[in-house]
Amino acid sequence: MFKRNRAGSFLLWMMLIFLILPINPANGSDLHNPSLHHQETSVMSESGQAVDHSKRTKNKNAGEPLTLSQLLRKYPDTFRSSGPRIKQIALTFDDVPDPRFTGKVLDVLKEYDVKATFFAVGDRAKKHPDLVKRIHDEGHSIGNHSYNHAQLNKLSLDKFKSQIERTNTILKSLTGVNPRLIRPPYGDINEEQLQWARKNGYKVVNWNVDSLDWKGLNKEEVKKNVLSAVGPGAIVLQHAGGGVGSDLNGTVEALPDIITELRNRGYSFVTLPEMLSVSESK
C-alpha cells in the first residue's frame, strides 16, 4: 500500500514538472519572432541604398522627419530627381552666377548648341546681373537655388519662404522669369517645405548623377563620374559657380567631351522644364 502510494505520488510529480516546464526547440524563439523577420526585410531606395523597414516604421511612429528617398516617393509630382526613362539628359549647373566660371560654361554650351538649366543664388544674381541675363538670353532655363545658399531644411517655414521669394523677385526683375523650379542647396528639404512648394506651384528638382566637380576634380575625374552613371532621363549635377578658392576648371574642360560622348550614345540634351513637361515660369 505504502509502495503503491509512493509510486502514485512520483507519477503525479513527474506530470506536474512536464506541465510547468515548456519544451522549446533549439532557437525556437528566433523562428517565431515576427519582429526579427521584420528587421531583416529591406527594400531598395531610389538612391540604390537598402532602406530598413523597421527603421522606417520607427521613424514614422516617433514623428521623425522622412528621408529624401521617402519624400521623393510621397510627393512624386512635386519632388523629382530624374526624368522619364527616354534617351534625354538634363545638364544642370548650380551656384550661379560666378564671373570666374559661369561665362566659360556658357561659352562651351553655345559652341555645342546645348541648352541647360542653371540654378541661381539670389544674392549672387544681384551682384552679377549681366551673367543672369546672359543665361536667359542664350536660351537656358533658370531655377531658384535660395538667396544665400542656406541649408533650407534647417530653417523655419517663414525663413524658407523668404529665401525662395526674395530670389524669385530678383530673377524676375532681371529676366522676366518667375522660376517654378527650386533646387535646395545640398539637396536638403523637409516635408513642410515641400507641402508649401506644392501648394504654391513650385517643382523641387534634385539629381541622380553627381559629377562631384565641387571637390576641384580634374577633367578626367569629372568625365568618369558623369559618363559612368548616366542613363535615360538622367539629371546631371555640375557647378558653374563656387565659393572662395573653388576650382571648377575640371568641369569646364570636361564638358565638350561629355557632350560629344553622350551624343554618340544617342542622347539628346534638354532643359529641366522640357524634361519634366512644366513651364519655366510660374
Heavy-atom side-chain proximity of [X] to [Y] below 4.5 angstrom:
| X | Y | answer |
| --- | --- | --- |
| V230 | R265 | yes |
| P232 | I86 | no |
| Y112 | T260 | yes |
| T102 | F93 | no |
| E280 | L181 | no |
| V252 | V105 | yes |
| L255 | Q238 | yes |
| D257 | K219 | yes |

Considering residues, nucleotides and ligands other than [X], do more than 12 of their heavy atoms fall under 6.0 Å from its [atom1]?
| X | atom1 | answer |
| --- | --- | --- |
| K215 | NZ | no |
| K172 | NZ | no |
| W207 | CH2 | yes |

ILVMFWY network linking [X] to [Y], side-chain heavy atoms under 4.5 angstrom:
| X | Y | result |
| --- | --- | --- |
| V270 | L262 | no |
| L157 | Y75 | yes |
| V132 | L109 | yes |
| V108 | F118 | yes |
| V205 | F269 | no |

Item to check | N-O pairing of K223 and E220 below 4.0 Å | outcome: yes
Separation between [atom1] of [X] and [atom2] of [Y], rounded to the nearest 0.5 Å:
| X | Y | atom1 | atom2 | answer |
| --- | --- | --- | --- | --- |
| T92 | L272 | OG1 | CG | 6.0 Å |
| H145 | I164 | NE2 | CD1 | 10.0 Å |
| L155 | F160 | CG | CZ | 9.0 Å |
| L106 | L131 | CG | CG | 7.0 Å |
| R263 | I258 | CZ | CD1 | 13.0 Å |
| Q163 | H149 | CD | NE2 | 10.5 Å |

Next on the checklist: Could you go through D77 and R198, starting from their C-alpha distance and side-chain angles, then the distance that decides it, and tell me whether this counts as side chain to side chain contact (heavy atoms under 4.5 Å, CB included)?
Outcome noted: CA-CA 8 Å; D77 294 331; R198 179 177 64 177; over 6 Å; no
For [X] versus [Y], what's the shortest heavy-atom pair and its separation?
| X | Y | answer |
| --- | --- | --- |
| P97 | A125 | CD-N, 3.6 Å |
| S281 | S279 | O-OG, 2.8 Å |
| A150 | S146 | N-OG, 3.4 Å |
| P179 | N168 | O-ND2, 2.9 Å |
| I170 | G122 | CD1-O, 3.6 Å |
| S82 | L276 | O-CD2, 4.0 Å |

Short side-chain donor-acceptor distance under 3.5 Å, [Y] and [X]:
| X | Y | answer |
| --- | --- | --- |
| D98 | H128 | no |
| N148 | D123 | no |
| Y147 | K126 | yes |

Are any side-chain N or O atoms of [X] and backbone N or O atoms of [Y], one a donor and one an acceptor, separated by less than 3.5 Å?
| X | Y | value |
| --- | --- | --- |
| D188 | Q151 | no |
| S211 | L237 | yes |
| D213 | H239 | yes |
| K161 | S156 | no |
| K282 | N200 | yes |
| H140 | I135 | no |
| E138 | K110 | no |

Next on the checklist: D107 vs R134, test: salt bridge (Lys or Arg N to Asp or Glu O under 4.0 Å). Steps then yes/no.
Outcome noted: CA-CA 11 Å; D107 289 344; R134 181 183 169 188; 2.6 Å; yes
Item to check | R183: partners by salt bridge (charged side-chain N to carboxylate O under 4.0 Å, His left out), with sequence neighbours left out | outcome: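 For R183, the residues satisfying salt bridge (charged side-chain N to carboxylate O under 4.0 Å, His left out) (neighbours in sequence not counted) are D94.
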Checklist entry - Only one of D210, L217, V236 forms a side chain to side chain contact (heavy atoms under 4.5 Å, CB included) with N225, so which one is it? => result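 The side chain to side chain contact (heavy atoms under 4.5 Å, CB included) with N225 is passed solely by L217 among D210, L217, V236.
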Checklist entry - Does the side chain to side chain contact (heavy atoms under 4.5 Å, CB included) test come out yes or no for L152 and Y186, once each step is laid out? => result CA-CA 9 Å; L152 298 178; Y186 318 106; over 6 Å; no
Item to check | Evaluation steps, side chain to side chain contact (heavy atoms under 4.5 Å, CB included), between I235 and M275 | outcome: CA-CA 9 Å; I235 298 175; M275 175 176 276; 3.8 Å; yes
